[in-house]
Amino acid sequence: MIRLEDVTKWYDGRAVLDHVSLHLEPGMLWGLIGPAASGKSVLLKVVCGLIRPDEGRVIVDQRDITKDKESDIMETRRKFGMLFQNNALFDFMTVGENVAFPIYWGSDIEPDRLRSLSVKRLQDVGLSGSEDKVPSELSGGMKKRVGIARATIADPKIVIYDEPTAGLDPVTTSKIYDLLRNLQQRNESTVLAVSSDVQAIRGFVEHIAVIHQGRILYNGPERELDSCADPVVHQFIRGDADGPL
Amino acid sequence: MVQQNTQNGWKPIEDEGFWRRIPRRIGVSTLDAGKAAATLLWVLYRTVIGTVRGKRPKGEVLRQMEQVGNKSLLFVTVTIGFLGMVLVFQVCLQIEKITGDMSQVGPEFIKGMVHAFVPSLTAMMLATRVGAGIAAEIGSMMVTEQIDALRMCGVDPIDYLVVPRFIASLVMTLVLSVYATAISILAGALMAYTSYHVNPVMFFVFDKVTPGDAVIGVTKCLAFGAAIPVVSGYCGLTTRGGSEGVGSATTRAVINSSLAVIILDFIISAAGYYLLQSRGL
Amino acid sequence: MDAVQDKTTKAPRRNGQEDGPGPGQRLLSPVARLGAGILTLADHLGGIVVLLGATLWRLVPPRLDGDQLRRSLFKMGNQSVPIVALTAFFTGGIMVVQAGVFVKRFGATSLVGWGAGYAVFREIGPILIGLMFSGRVGSNNTAELGTMTVTEQIDGLRALAIDPISYLLVPRVLAMVFMLFALTIVGDVVAIGGAALFGKLLLNVEFGVFFQSFGWLGTADLFQGLIKASVFGVVIALTSCHFGITVKGGAVGVGRAVNAAVVAAAMGIVVSDYFLTYLLG
């Protein structure tokens with residue numbers, strides 16, 4: 001479904017991604033963890049074509065998007081839904097308009113039907129009755145839910161979650177992961193999730209990768225992560241203060 | 001830039017003297033300017049394409065027209081009104097010393113306003129107000145990843161954000177300039193009457209304005225109206241970093257669109273002089 | 001950083017809509033809105049006057065950070081010399097083309113130098129250089145102070161028992177006033193050079209003829225422009241500092257403050273220009 005081959009991206013003379021190769025099967029629940037500024041968000045944006053890599057290939061559904069024109073990448077992006085780190089809700093729209101936006105642009109769905117679809121999806125994420133609010137009236141957890149609703153309304157084949165629980169308390173965190181799990185089971189979509197909260201994301205994904213300074217140090221089943229020999233991975237997942245990091 | 005140079009095995013910049021640094025600085029800034037110009041031209045190209053056949057959000061052009069036009073009305077009235085009075089005052093001051101014949105002040109002032117001063121000064125004011133607004137708005141959408149979110153929804157940010165502002169600015173710069181011409185003439189006549197007792201009947205004489213002057217004035221308005229949103233949109237779309245990034249994008253938008261106005265003004269004035277005014281049109 | 005982003009997300013709707021009527025305000029009558037506008041204006045004017053008083057108070061005897069003053073001077077000069085020179089060069093060109101329109105009709109080639117010099121020294125030079133300086137240095141200053149305010153660095157200074165006004169603002173105000181004065185001299189020279197050059201290239205006016213009539217200008221013309229530049233410097237410095245330290249609402253707020261500051265500075269420049277012309281004329 002998604003294949004990355006030797007992807008490298010430079011920023012100001014520093015490799016943010018350093019020969020990253022990955023392969024994701026359809027329906028996979030895949031997590032990515034790593035210290036701050038390790039290249040996690042850049043990797044996600046490379047996968048969905050928001051950032052063009054300097055070297056290597058990104059293949060989505062047998063199509064190499066690194067060579068595509070922006071208008072062709074737009075088409076490929078319709079297969080994706082994305083939740084951004086700080087939600088990136090459009091602050092000039094209501095919550096309902098935000099959620100409906102991915103299916104509104106470029107389609108001829110009736111306004112009434114758009115509204116009912118977005119109301120329905122807001123119910124699914126536990127936010128009935130807030131479609132006419134503006135994003136600035138919502139709490140952090142509610143904004144995340146709106147972001148999730150917007151990312152999944154078009155029932156995309158691949159959903160990307162960038163820090164789905166950053167800044168949320170533990171109870172809200174587990175509720176959010178329950179929600180993500182339900183949505184994934186219903187749509188059988190492929191999920192890529194990035195988080196700095198190692199324990200919480202380990203309970204959610206089946207496969208996990210560890211990235212550090214632009215390199216993938218571990219990529220494999222979640223339950224075998226503890227037996228990984230790499231000292232950086234070891235220190236990071238245990239949260240030790242002493243070590244190579 | 002410094003880091004890359006060091007990596008390529010060049011001497012670190014800090015080791016050089018002030019004068020030896022200048023050629024490199026010119027070289028580096030020429031390269032940067034070249035890249036920036038290429039991106040700017042690409043934004044212009046995409047905007048024009050988007051204007052001709054792109055899809056835009058409903059009602060957005062009207063909303064932007066209100067932003068560019070109605071919201072600038074007070075600003076333009078105050079600035080152009082005062083500038084009109086000052087210009088008449090300065091001109092009369094000199095005429096009083098030399099000949100004392102005030103009969104030509106009005107007609108010549110009106111001619112100068114139509115083909116030169118009003119389009120440029122209105123555009124300078126709009127570059128400040130509208131340019132800063134566009135860059136601040138798009139820049140903060142950039143740093144909060146709303147632009148990426150738009151792209152993930154299959155929306156081209158230029159179609160969605162720049163094109164409506166482009167159309168609105170194109171129309172409203174022209175409209176505001178016509179309005180500003182009226183304001184400046186009224187303010188100038190008021191000044192001439194109160195300070196130099198020039199009869200308004202003698203002031204409001206429009207027959208010095210040739211068709212060529214009008215063509216130059218309108219061309220300037222259209223060029224400035226197109227340049228401001230494209231330059232500011234480019235500045236907004238190249239924002240990096242947090243609140244500092246938004247601040248510097250806004251700064252760049254003001255300065256670059258003002259500079260674009262001045263350079264375009266020079267080019268169109270010179271071209272207009274040669275093609276039209278020097279032939280008596 | 002987290003604090004900033006938190007404020008950003010809580011900030012009200014995006015910049016452009018900010019000055020429009022909010023959901024609750026929509027029902028307000030025009031009278032109430034006019035009143036609200038006057039109150040906001042009075043609020044800002046009052047803030048600027050208080051800032052002026054606070055700055056003057058710290059100047060007798062001088063209590064300011066010499067290191068900060070040197071750094072501000074260097075940075076502002078560095079930032080704005082190229083942009084001012086470029087602006088002035090093309091302004092000279094524009095003035096000479098406008099003068100050409102008259103020259104052609106009255107056959108008064110000998111007056112080009114005088115006309116361009118008069119306009120540049122007295123009006124166009126100080127105003128355009130002031131606007132560019134406001135766009136470059138003033139808005140940068142607002143963005144910088146605004147970022148320091150939203151990231152609570154100003155409170156941090158207070159916590160260290162450092163007076164933010166004498167440490168941050170007074171050096172900047174002094175540096176901006178001095179810099180604009182110096183830049184206007186530079187700009188005048190470049191503009192006259194540009195006018196002479198384009199006069200030769202476009203109108204075929206020999207340098208000798210140009211500078212002969214240029215010599216008719218008196219020191220009064222030059223000094224009027226320089227006095228204006230000094231006052232514009234005070235206006236730009238105070239507005240940019242005032243809007244910088246009163247920022248609210250994260251990255252979006254910084255962009256909005258920069259926007260408001262340049263608009264206010266442009267109004268201030270034009271209005272004070274009117275009164276100065278009247279007083280000095």
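In what follows, chains carry the letters A, B, and so on, assigned in the order in which the sequence lines appear, proteins first and then strands, with residues in each chain numbered from 1.
With a 6.0 Å radius and a threshold of 12 heavy atoms from other residues, nucleotides or ligands, B:Tyr193 has its OH atom at or below the threshold. The number of heavy-atom neighbours closer than 6.0 Å to OH of B:Tyr274, taken from other residues, nucleotides and ligands shown, is above 12.
When the candidates C:Ile94, C:Leu86, C:Val97, C:Asp273 are compared by the number of heavy-atom contacts under 4.5 Å with chain B, C:Ile94 comes out ahead. Of the listed residues (B:Thr251, B:Val246, B:Leu93), the one with the most heavy-atom contacts under 4.5 Å to chain C is B:Thr251. Comparing B:Val254, B:Thr250, B:Leu259, B:Ile267 by heavy-atom pairs within less than 4.5 Å of chain C, the highest count is held by B:Leu259. When B:Gly245, B:Ala270, B:Gly131 are compared by the number of non-hydrogen pairs under 4.5 Å with chain C, B:Ala270 comes out ahead. When each of B:Leu121, B:Leu83, B:Leu87 is checked for heavy-atom pairs under 4.5 Å with chain C, B:Leu83 comes out on top. In terms of non-hydrogen atom pairs under 4.5 Å with chain C, the most contact-rich of B:Ile80, B:Leu74, B:Asn70, B:Ile263 is B:Ile263. Annotation: maximal heavy-atom pairing with chain B below 4.5 Å, among C:Ile83, C:Val96, C:Thr91, C:Ile127, occurs at C:Ile83.
Using modelled atom types, one side-chain atom of C:Thr239 and one backbone atom of C:Ile236 make a donor-acceptor pair closer than 3.5 Å. In this structure, B:Arg252 contributes its side chain and B:Cys235 its backbone to a donor-acceptor pair below 3.5 Å. A donor-acceptor distance shorter than 3.5 angstrom exists from the side chain of B:Lys220 to the backbone of B:His115, with no hydrogens or angles considered. Looking at C:Thr142, its side chain does come within 3.5 Å of a backbone N or O of C:Ser240 through a donor-acceptor pair.
Contact annotation for B:Tyr273: only side-chain heavy atoms (C-beta onward) come within less than 4.5 Å of a heavy atom of chain C. Within the 4.5 angstrom heavy-atom criterion, atoms from both the backbone and the side chain of C:Tyr278 approach chain B. For C:Leu276, no part sits under 4.5 Å from any heavy atom of chain B, backbone or side chain. In this structure, chain B has a heavy atom under 4.5 Å from the side chain of C:Val254, while its backbone stays farther away. With a 4.5 angstrom heavy-atom cutoff, C:Gln224 touches chain B only via side-chain atoms. Residue B:Ser195 touches chain C through its side chain alone, counting heavy-atom pairs closer than 4.5 Å. With a 4.5 angstrom heavy-atom cutoff, B:Phe75 touches chain C via backbone and side-chain atoms both. Neither the backbone nor the side chain of C:Ile269 comes within contact range of chain B, judged by heavy atoms closer than 4.5 Å. Interface residue B:Gln277: only side-chain heavy atoms are found under 4.5 Å from chain C. Using a 4.5 Å cut-off between heavy atoms, C:Leu202 touches chain B through backbone and side chain atoms alike. C:Leu201 touches chain B through its backbone: at least one of N, CA, C or O sits under 4.5 Å from a heavy atom, while the side chain does not.
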Begin with the C-alpha distance, continue with both residues' side-chain angles, and end with the deciding distance and a verdict on ring pair (Phe, Tyr, Trp, His ring centres under 6.0 Å) for C:Phe198 and B:Phe266.
CA-CA 11 Å; C:Phe198 286 117; B:Phe266 173 68; 4.5 Å; yes

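Judged by distance alone, the side chains of B:Asp213 and B:Thr210 do bring a donor and an acceptor atom under 3.5 Å apart.
For C:Arg256 and B:Glu137, the salt-bridge test fails: no basic side-chain N is under 4.0 Å from an acidic carboxylate O. A salt bridge links B:Arg63 with B:Glu60: the closest approach of a Lys/Arg side-chain nitrogen to an acidic carboxylate oxygen falls below 4.0 angstrom.
Between B:Phe82 and C:Tyr274, the ring-plane angle classifies as perpendicular under the 30° and 60° cut-offs.
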